[in-house]
Amino acid sequence: MTAFSQDDAARALFRDYSLEITGKDIGHVGASRAAIPAGTPINIAFLGNETHAQRIEAASRIREWGFEPVPIISSRRLKSVEDRDDLLSGLVSSARPVRFMLVGGDPSTPAGPYRDSLDLIASGILADHGITRVGIAGYPEGHPKIEQARLWDALQRKVQLLEDQGCSVEITTQFGFDAGAVIDWIVQLRARGIASPVRIGVPGPADVKRLLRFAAQFGVASSAAVVGKYGFSLANLVNRVGPDRFMLGLAQGTAGRELGPVLLHLYPFGGLAETVAWAARAAQGRTVDDRAGLEA
């Protein structure tokens, strides 16, 4: 496995990385908090089997431990305007988030009045709750249910609507296995006049079977050719693999190019502690050969 050199452009991508957890995983943040850089943004997923109380408690703990809570608000899971306001008021009073991430969410049928994040943004949520920084989602490798032209149209409309309301915007991408596709997407993003910071979704080290399960859940392309670029084979599902080859591709694709602010968003599919440890090693120019368990 290729190790990053001390002066590799990949190291720059590890400045100010963000993480993602669920409310039920908050204990893992507590257990790993000494290894997580102070002030790290930690996104809190909006799952259908968790309550608002769990989301608020997770955000409060993240703030208490010295990190930045970033609640993800799933538009289609909100049952009403009152439901929206109860959640946002609880989050603001308990955890004081400076940024929220607004997404459509998984349900095909909305539970309430919001069909997607555009509806939610247009609902007055920013002014009603004093929100001035918002994260939205990007899909470099496409979306299984939405054609590419519609994805670009929705992204541009969301950025424009947020900026028109005086809100700063950050784009966090779905994870994927093709670094080249991510670079191409960022180039297109900039060509369309969108200068917002981009956080590239990267899965932390995990076994192949687990990675493929999440890929299927989120509609991420996982053909033999695509995962081969990432560094594993569909023929061996028990191997553990890290994103080192993917990161090298990102570093090579971003080096010497004016692509605007580009950072990382880490999905700890193989465990939060291992993901944070991997990021620390990579930031120092080191990787781990997962086959031997030895530092390269």
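This chain uses plain numbering: 1 for the first residue, then up along the sequence.
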side-chain contact (heavy atoms from CB on, under 4.5 Å) evaluation trace for Gln54 with Glu57: CA-CA 5 Å; Gln54 287 175 297; Glu57 174 66 14; 5.7 Å; no
Evaluate the criterion side-chain contact (heavy atoms from CB on, under 4.5 Å) for residue pair Phe269 and Leu211; output intermediate values, then yes/no. CA-CA 7 Å; Phe269 296 144; Leu211 281 178; 4.0 Å; yes
Would you check if there is a donor-acceptor pair between the side chains of His265 and Thr172 at a distance under 3.5 Å? no
Heavy-atom pair of closest approach, residues Ile44 and Gly23: CG2-N, 4.3 Å
Taking atom NZ as the centre, does Lys24 end up with more than 12 heavy-atom neighbours from other residues, nucleotides or ligands that are less than 6.0 angstrom away? yes
Between Arg240 (side chain) and Gly270 (backbone), is there a donor-acceptor pair under 3.5 Å? yes
So Val159 and Ser196, do their side chains get closer than 4.5 Å, heavy atoms only? yes
Would Thr22 and Asp25 count as a side chain to side chain donor-acceptor pair (under 3.5 Å) here? Give the steps. CA-CA 5 Å; Thr22 70; Asp25 290 334; 3.0 Å; yes
Closest non-hydrogen atom pair between Pro243 and Pro203, with its separation: CG-O, 3.3 Å
Side chains of Trp278 and Leu266: does their closest heavy-atom pair fall under 4.5 Å? yes
Would you say that Ile62 contacts Ile21 through its side chain, given a criterion of any heavy-atom pair below 4.5 Å between the two side chains? yes
Please work out whether the ring planes of Tyr230 and Phe246 are parallel, tilted or perpendicular, with thresholds of 30° and 60°. tilted
Does one hydrophobic cluster hold both Tyr17 and Val198, with members joined at side-chain heavy-atom distances below 4.5 Å? yes
Carboxylate-amine/guanidinium proximity below 4.0 Å for Glu68 and Arg63: yes
Polar side-chain atom of Ser32 near backbone of Val29 as donor-acceptor pair, under 3.5 Å: no
Indicate yes or no: does Arg84 engage Asp128 in a salt bridge with an N to O separation below 4.0 Å. yes
Please check if the side chain of Glu141 supplies one atom and the backbone of Phe177 the other of a donor-acceptor pair under 3.5 Å. yes
Less than 6.0 angstrom from the centroid, inside 45 degrees of the normal: does Arg33 satisfy that with respect to the ring of Phe67? no
Which label fits Trp185 and Trp152: parallel for a plane angle under 30°, tilted from 30 to 60°, or perpendicular past 60°? parallel
Quick one, Arg76 and Thr109 - any side-chain contact, counting heavy atoms below 4.5 Å? no
Decide whether Phe100 and Leu47 are clustered together by the hydrophobic rule: side chain heavy atoms of Ile, Leu, Val, Met, Phe, Trp, Tyr closer than 4.5 Å, transitively. no
Joint cluster assignment, Trp65 & Val276, ILVMFWY side-chain distance < 4.5 Å: yes
For Ala221 and Val226, work out which heavy atoms get closest and say how close. O-CG1, 3.7 Å
Using modelled atom types only, decide if a donor and an acceptor are shared between the side chain of Arg199 and the backbone of Leu263 within a distance under 3.5 Å. no
Quick one: does His143's side chain have a donor or acceptor within less than 3.5 Å of a partner on Lys145's backbone? yes
Centroid-centroid under 6.0 Å between Tyr267 and Phe214 rings: no
Separation between CG of Asn239 and CZ of Phe232, rounded to the nearest 0.5 Å: 10.0 Å
Please determine whether the number of non-hydrogen atoms from other residues, nucleotides or ligands lying under 6.0 Å from atom CZ of Arg115 exceeds 12. no
Within the side chain of Ser89, is there an N or O that forms a donor-acceptor pair under 3.5 Å with the backbone of Asp85? yes
In Å, rounded to the nearest 0.5 Å, how long is the span from CD of Gln148 to CG of Leu151? 5.5 Å
For the pair Val182 and Ile186, evaluate side-chain contact (heavy atoms from CB on, under 4.5 Å) and give the outcome as yes or no after the intermediate values. CA-CA 6 Å; Val182 174; Ile186 296 174; 4.1 Å; yes
Atom CG of Asp244 and atom CZ of Arg281: how far apart are they, to the nearest 0.5 Å? 8.5 Å
Return the CD1 to OG distance between Ile125 and Ser75, rounded to the nearest 0.5 Å. 7.5 Å
Kindly indicate whether the side chain of Ile131, heavy atoms from C-beta on, has any atom under 4.5 Å from the side chain of Leu88. yes
Do Leu161 and Lys158 have side chains that approach each other closer than 4.5 Å (heavy atoms only, starting at C-beta)? no
Could you give the distance from CG (Leu102) to CG (Leu162), rounded to the nearest 0.5 Å? 7.0 Å
Side chain to side chain, Pro140 and Thr173, heavy atoms closer than 4.5 Å: yes
Are Leu259 and Ile194 joined in one hydrophobic group, where the rule is that I, L, V, M, F, W and Y side chains link up if heavy atoms are under 4.5 Å apart? yes
For Arg99, give me all partners under salt bridge (Lys or Arg N to Asp or Glu O under 4.0 Å), at least two apart in sequence or on another chain. Glu170
Please test Thr132 against Leu126 for side-chain contact (heavy atoms from CB on, under 4.5 Å), starting from the C-alpha separation and ending with a verdict. CA-CA 7 Å; Thr132 59; Leu126 306 184; over 6 Å; no
So does Asp83 get a backbone contact from the side chain of Ser80, meaning a donor-acceptor N/O pair under 3.5 Å? yes
Is the backbone of Leu91 close enough, under 3.5 Å, to the side chain of Ser94 for a donor and an acceptor to pair up by distance? no
Do the side chain of Ser60 and the main chain of Ile56 share a donor and acceptor less than 3.5 angstrom apart? no
Nearest 0.5 Å please: distance from the CD1 atom of Ile136 over to the CE atom of Met101. 8.0 Å
Do Glu20 and Ile72 have side chains that get closer than 4.5 Å, going by heavy atoms? yes
Check Leu234 against Ser223 and note the closest heavy-atom contact, atom names and distance. CD1-C, 4.2 Å
Could you state whether Tyr114 and Leu87 fall into the same hydrophobic cluster, counting links through intermediate Ile, Leu, Val, Met, Phe, Trp or Tyr residues with side-chain heavy atoms under 4.5 angstrom apart? yes
Keeping the roles fixed (side chain from Glu163, backbone from Gln160), state whether a donor-acceptor pair exists under 3.5 Å. no
What closest approach, in Å, do Leu78 and Pro113 show between heavy atoms, and which atom pair accounts for it? O-CD, 4.1 Å
If you compare all heavy atoms of Asp207 against all heavy atoms of Leu237, which two are closest, and at what distance to 0.1 Å? OD1-O, 4.3 Å
